[in-house]
Amino acid sequence: MNPREPLRLHVPEPSGRPGRETDFSYLHTSPAGEVRRPPVDASPADTSDLAYGLVRVLDDEGRAVGPWAMEVDKEILRKGLRAMLKTRAYDARMLIAQRQKKISFYMQCLGEEAIAIAHALALEPGDMCFPTYRQQGLLLVRDDIPMVEMICQLMSNERDPLKGRQLPVMYSYKRAGFFTISGNLATQFIQAVGWGMASAIKGDTKIASAWIGDGATAEADFHTALTFAHVYRAPVILNVVNNQWAISTFQAIAGGEATTFAARGVGCGIASLRVDGNDFLAVYAASRWAAERARSNLGPTLIEWITYRGGPHSTSDDPSRYRPADDWSHFPLGDPVTRLKQHLISLGAWSEEEHVAAQKEFETQVGAALKEAERYGSLADGHMATAASMFEDVYKEMPEHLKRQRDQLLGEST
Ligand SMILES: Cc1ncc(C[n+]2csc(CCOP(=O)(O)OP(=O)(O)O)c2C)c(N)n1
């Protein structure tokens, strides 16, 4: 007698699977230059449309168009392109080093390089980033972080600044405004808000930049962070890197279907932007806008960066099991390196020759750094930090029971 149809549970599925091409029409994109640029003191509610649009600057011909196209020093753009090439060379070589069993694990940021690198160039010294494991560009864009030392972390060797205690890629560089990476997803998002609040309490001028992936937005800490950031108008940029995938899980199952992650921000009273993450100029301009808001006591900004995870999730993952092998080549927002390269060439500030020369330069640089790092030990030769140092830094002062355990270990080894 019941006239209604039985209820059905909706389980989101990606349109593409191995052997079946992705229909990227789910990804709403706007033409370059179309989305408006509000004043930095815009109210959060006044950004609602921006949370559903897509801020883009570079058009298909590599021209910078529209209200978000700002005067950017060509040297900054050249630095950005070089840093992207450096990051790509580093990632490619470290992947091989993992296959050669020199390091136990690695995570690339292939296809996402523009986001961390352009963002870093828009921040100021003293600002603090709270990254995930996929923002190595924040470090590689800098000249003061030795690549050798980063590789020593990957190798957990004698010169590993973290003394072999952390999984490879979980870097920590306080002096570079790069907060210690944690394996627990999303924890850094709320910590960044707290750091921003502290900066405000102290009357400082520094701002925080929080990072999270699309998948990890489903964690409770994401929501806590938005609430605190809004309530206290914390000087923080809340970056959501939507690379479409969380390991084998499509972004729709994290809540991205029929809405956007940027829209979460507006709902929490936070100014929000949805931005082409493969457009270096858009990333730079949006980051500058958000940083200016934060630094002017206008509160937090949430930015959803639309990009695509070009590589496997990690060296433990095989994406051909769950998505089309050539998916990245069909992604409508292209490759961030190719797009900035095209723009700079059209400005006369870069050339094909310079591009090839820079690629070679970084391959050589990474190769040399890897070789040097290996001198301090690698997974392959079993060289690592001393076992006794394992008990240090658990507490500020080593408690008696840890001293006993350490002595026990030292006694056994002598
Ligand atoms: C609290 C917690 N749950 C699960 C994991 C396992 N894990 C590591 S990475 C990952 C996927 C994260 O995806 P996303 O946030 O989209 O970031 P992406 O890897 O795509 O950059 C998962 C589930 C974890 N590290 N921590």
Side-chain angles (χ1 to χ4, degrees), residues 12-14 16 22 26-27 87-88 90-91 94-95 98 104-117 119 129-140 165-172 178-192 209-226 238-257 259-262 264-265 274-275 277-278 283 302-323 327-328 331 333 336:
E13 261 294 315
T22 299
Y26 77 85
L27 199 73
T87 303
R88 205 163 269 195
Y90 181 82
D91 276 357
M94 294 311 125
L95 186 68
Q98 194 278 337
S104 60
F105 178 78
Y106 193 69
M107 298 177 99
Q108 298 179 285
C109 66
L110 184 66
E112 304 177 30
E113 295 93 341
I115 303 168
I117 290 169
H119 188 83
C129 289
F130 290 72
T132 78
Y133 43 71
R134 227 182 284 285
Q135 278 85 48
Q136 53 264 55
L138 293 174
L139 293 173
L140 288 161
R165 294 167 186 163
Q166 279 276 37
L167 186 76
V169 313
M170 305 279 170
Y171 311 105
S172 173
F178 189 97
F179 194 77
T180 307
I181 297 177
S182 158
N184 305 301
L185 294 174
T187 50
Q188 73 284 353
F189 220 59
I190 180 63
Q191 290 161 358
S209 178
W211 294 84
I212 200 165
D214 48 281
T217 62
E219 287 286 343
D221 280 355
F222 173 73
H223 305 273
T224 314
L226 266 55
L238 301 160
N239 300 283
V240 179
V241 180
N242 181 357
N243 64 12
Q244 315 308 315
W245 294 94
I247 314 183
S248 59
T249 308
F250 184 55
Q251 58 106 35
I253 213 152
E257 195 176 46
T259 182
T260 70
F261 293 98
R264 311 279 200 281
R274 185 170 171 270
V275 181
N278 292 1
V283 177
L302 186 145
I303 310 179
E304 177 183 356
W305 306 106
I306 306 295
T307 186
Y308 187 89
R309 197 194 75 215
H313 170 73
S314 72
T315 48
S316 312
D317 174 49
D318 173 8
S320 73
R321 302 279 294 270
Y322 54 81
R323 69 183 192 188
D327 217 28
W328 186 35
F331 185 62
L333 303 179

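All ligand and atom numbering here is 1-based and tracks the order in the structure.
For F222 and F261, the ring centers sit 6.0 Å or farther from each other.
Applying the 4.0 Å criterion to heavy atoms of N243 picks out, from ligand 1, the atoms 18 (P), 20 (O), 21 (O). The distance from ligand 1 to the heavy atoms of D214 drops below 4.0 Å at these ligand atoms: 15 (O), 16 (O).
Contact of the P14 side chain with the Y26 side chain is not registered, since no non-hydrogen atoms from C-beta on lie closer than 4.5 Å. Between P12 and F250, the closest side-chain pair of non-hydrogen atoms is not below 4.5 Å. Side-chain contact check for Y308 versus L27: every heavy-atom pair is 4.5 Å or farther apart.
Of the N and O atoms on the side chains of T307 and N278, at least one donor lies less than 3.5 Å from an acceptor on the other residue. In this structure, a donor-acceptor pair under 3.5 Å is absent between the side chains of D214 and Q251.
In terms of protein heavy-atom proximity, atom 17 (O) of ligand 1 is closest to Y133 OH, 3.4 Å. At the shortest separation from atom 13 (O) of ligand 1 among protein heavy atoms lies A246 CB, 3.2 Å. The closest protein non-hydrogen atom to atom 15 (O) of ligand 1 is A216 N, 2.9 Å.
For the residues R134, Q135, H313, the heavy atom positioned nearest atom 21 (O) of ligand 1 is part of R134. In the candidate list G215, G183, S248, G183 is nearest to atom 25 (N) of ligand 1, counting heavy atoms.
Residue I247 has no N or O atom closer than 3.5 Å to an N or O atom of ligand 1. When only interatomic distances are considered, the shortest N/O to N/O separation between N184 and ligand 1 does not fall below 3.5 Å. Residue E112 has no nitrogen or oxygen atom sitting less than 3.5 Å from a nitrogen or oxygen atom of ligand 1, judged on distance alone.
Side-chain atoms of Q166 come within 3.5 Å of backbone N or O of I181 as a donor-acceptor pair. In terms of modelled atom types and a separation under 3.5 Å, the side chain of R323 and the main chain of W328 share no donor-acceptor contact. In this structure a side-chain-to-backbone donor-acceptor pair under 3.5 Å is present from H223 to T217.
Heavy atoms of L185 found under 4.0 angstrom from ligand 1 belong to the backbone as well as the side chain. Residue contacts with ligand 1 for E219 involve side-chain atoms from C-beta outward but no N, CA, C or O (heavy atoms, distance under 4.0 Å). Only the backbone of W245 comes within 4.0 Å of ligand 1, counting heavy atoms alone; no side-chain atom from C-beta on gets that close.
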